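Report on the structure given below.
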Amino acid sequence: MEEIKSVSLEMKDYIVSSGAETLSWCMQCGLCTNLCPWRLVPGEVSEAFNIRKMQRLGQLGLEGFEEEEVLFACATCGMCQVNCPRKVEIINNVRSMRNTTVGAGFLPAHLRPIAGSIHANGNPWSGEQEKRAEWQEGLDIPAFTEDTEYLLYVCCTSCYDTRSKKIAKSIVTLLKQAGVNFGVLTAEENCCGETVRKLGDEELFQKLAESNIKLFNSKGVKKIITTSPHCLYAFKKDYPEYGGEYEVMHYSEVLSELLKEGKLTFKEELGKKVTFHDPCYLGRHNEVYDAPRELIQAIPGVELVELERNKSKSLCCAGGGGRVWAEVPMGQRFGEFRITDAVEKQADILVTACPYCILMLDDACAGLEKKDVLEVMEMSELLCSASKP
């Protein structure tokens, strides 16, 4: 006979006090579970993780939600949240449940080096702080001063990951071509902390946020351009809680405006069929859908074809919520569906606008052995290839 578990109102209250204010709103309709991308794949994690059940366990303060394959499976893609009929802030609830365990000293083994690196180096990629700005070599990027209009904040991934450094360089090239008044403080910055907060380490997030806010305010930063949608989320939605009030834009939003003003043009004829993968944190989380498409369609000779699951219904790459560092077997990766979708559309290039998405989609494309028929590109790289003077 299955053991009867006791309800713990103290645990429920603790979860709510950690930020899950809407936990009791959930009426258990199950729509969140039905829409969750984990329902599309087989495997142990898929069998263990059920977002509706997780909410219920939290509502009752029951054991089970804290199990690693349950608590840390959520990629925080937001598909459940934007479709919830009760407007339950499901991702905040997940974050709060994680906070109750991380605050008690529990963190999955594969995430401990990530947290350790952020504590020691200010980034999750085990990169030395002194080397954070090495990606800039040869680009002649000015330092941000009080007379500079925009601070360009480059994601940790693009500061340290060899593949992702190309994204930062492409964005710099485009901003320079358009005559944007921008500068950097890269060597002095820390990780934005978005993923750390989603993992439930509130104390570490606060440390990162306060450090960056102190730096930005001391330098007179008013406007920020981000290379990553995750940094966009942190600066727009998290930092105001700690006094960090800035005008924040993803680079695609800035370039789209420059395109309309005639300050950015694309002259190279590419003659390619292109499809766009909407990153969860650019689309559902920040509602930026039009800017990337306007930029892609402005390239001569490009035919933009939409994936079946696009815009607010875009399928997650599985890189959010700390999942970018998870080891997931082939056959259980959400990114494989995106590669298959793009191949079925007979696209030559699958474009996205997020460093995490690039890592996940590149891996999926290689794993499916589709690199001979499909190229995965970050949008800035595609735009650079069409804007050569």
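For reference, positions follow the sequence shown, starting with 1. Every heavy atom of this structure was used, including side-chain atoms; hydrogens, water molecules and symmetry mates were not. Just so we're clear, the structure is a prediction, and the values are computed from it rather than from any experiment.
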Kindly give the heavy-atom pair with the smallest separation between Thr76 and His285, and that separation in Å.
O-NE2, 2.9 Å
N/O donor to acceptor pairs below 3.5 angstrom from side-chain atoms of residues 328-340, sequence neighbours left out:
from	atom 1	to	atom 2	distance (Å)
Arg333	NE	Val328	O	2.7
Arg333	NH2	Val328	O	3.0
Glu336	OE1	Gly331	N	3.3
Glu336	OE2	Gly331	N	2.7
Arg338	NE	His277	ND1	3.0
Arg338	NH1	Arg309	O	3.1
Arg338	NH2	His277	ND1	3.4
Arg338	NH2	Arg309	O	2.8
Arg338	NH2	Ser314	OG	3.2
Thr340	OG1	Glu336	O	2.9

Glu202 side chain vs Val196 backbone, donor-acceptor pair below 3.5 Å:
no
Keeping the roles fixed (side chain from Arg284, backbone from Ser312), state whether a donor-acceptor pair exists under 3.5 Å.
yes
Is there side-chain contact between Ser164 and Leu359, with at least one heavy-atom pair below 4.5 Å?
no
Donor-acceptor contact present, side-chain Thr33 to main-chain Asn50, <3.5 Å
no
Kindly say whether Ser380 contributes a backbone atom to a donor-acceptor pair with the side chain of Tyr251 at under 3.5 angstrom?
yes
Using a strict threshold of under 4.0 Å (side-chain N to carboxylate O), is an ion pair present between Lys272 and Glu303?
no
Aromatic ring pairing Phe49/Trp38, orientation class (parallel under 30°, perpendicular over 60°, tilted between)
perpendicular
Within a strict 4.5 Å, meaning less than it, do heavy atoms of the Pro292 and Leu282 side chains meet?
yes
So, Glu66 versus Thr101: side-chain donor-acceptor pair below 3.5 Å or not?
no
Rounded to the nearest 0.5 Å, what separation is found between the CD1 atom of Ile171 and the CD1 atom of Ile225?
9.0 Å
Do Thr145 and Thr148 meet the criterion of a side-chain donor-acceptor pair at a distance under 3.5 Å?
yes
Can you tell me if Asn83 uses its side chain to pair, donor with acceptor, with the backbone of Met79 under 3.5 Å?
yes
Within the structure provided, determine whether Phe182 and Val172 are in side-chain contact (heavy-atom separation under 4.5 Å).
yes
Do Lys12 and Ser24 have side chains that approach each other closer than 4.5 Å (heavy atoms only, starting at C-beta)?
yes
Residues in ring-ring contact (aromatic ring centres under 6.0 Å, His included) contact with Tyr239, at least two apart in sequence or another chain
Phe235
Tyr160 (side chain) donor-acceptor with Glu128 (main chain) under 3.5 angstrom:
yes
With a 4.5 Å limit on heavy-atom distance, are the side chains of Leu350 and Leu307 in contact?
yes
Is a donor on one side and an acceptor on the other found under 3.5 Å between the side chain of Asn121 and the backbone of Gln129?
no
Between Glu194 and Lys198, is there a side-chain N and carboxylate O pair less than 4.0 Å apart?
yes
With side-chain contact (heavy atoms from CB on, under 4.5 Å) as the test, pick out the partner of Met97 among Leu57, Leu23, Asn92.
Leu23
State, without any angle test, whether Ser228 and His230 hold a side-chain donor-acceptor pair at a distance under 3.5 Å.
no
Please find the pair of heavy atoms, one from Gly193 and one from Leu208, that lie closest to each other, and give the distance.
CA-CD1, 3.7 Å
Any side-chain to backbone donor/acceptor pair from Asp348 onto Lys273? Under 3.5 Å, distance only.
yes
Results of ring-ring contact (aromatic ring centres under 6.0 Å, His included) for Tyr242 - residues two or more places apart only
Phe205
Would one find more than 12 heavy atoms of other residues, nucleotides or ligands at under 6.0 Å from atom CD of Glu203?
no
Look at the side chain of Ser256 and the backbone N and O of Ser252, then say whether any donor-acceptor pair between them is shorter than 3.5 Å.
no
I'd like to know if the side chain of Glu381 and the backbone of Glu378 have a donor-acceptor N/O pair within less than 3.5 Å.
yes
Decide yes or no on salt bridge (charged side-chain N to carboxylate O under 4.0 Å, His left out) for Arg293 and Glu306, but give the supporting numbers first.
CA-CA 10 Å; Arg293 289 169 170 81; Glu306 292 284 1; 2.7 Å; yes
For the residue pair Trp125 and Trp325, categorise the inter-ring angle as parallel (less than 30°), tilted (30 to 60°) or perpendicular (more than 60°).
tilted
Is any side-chain heavy atom of Gln59 closer than 4.5 Å to a side-chain heavy atom of Ile15?
no
Side chain to side chain donor-acceptor pair (under 3.5 Å) evaluation trace for Tyr14 with Asn99
CA-CA 10 Å; Tyr14 182 37; Asn99 189 34; 5.9 Å; no
Using a strict cut-off of less than 4.0 Å between a Lys/Arg side-chain nitrogen and an Asp/Glu carboxylate oxygen, indicate whether Glu308 and Lys345 qualify as a salt bridge.
yes
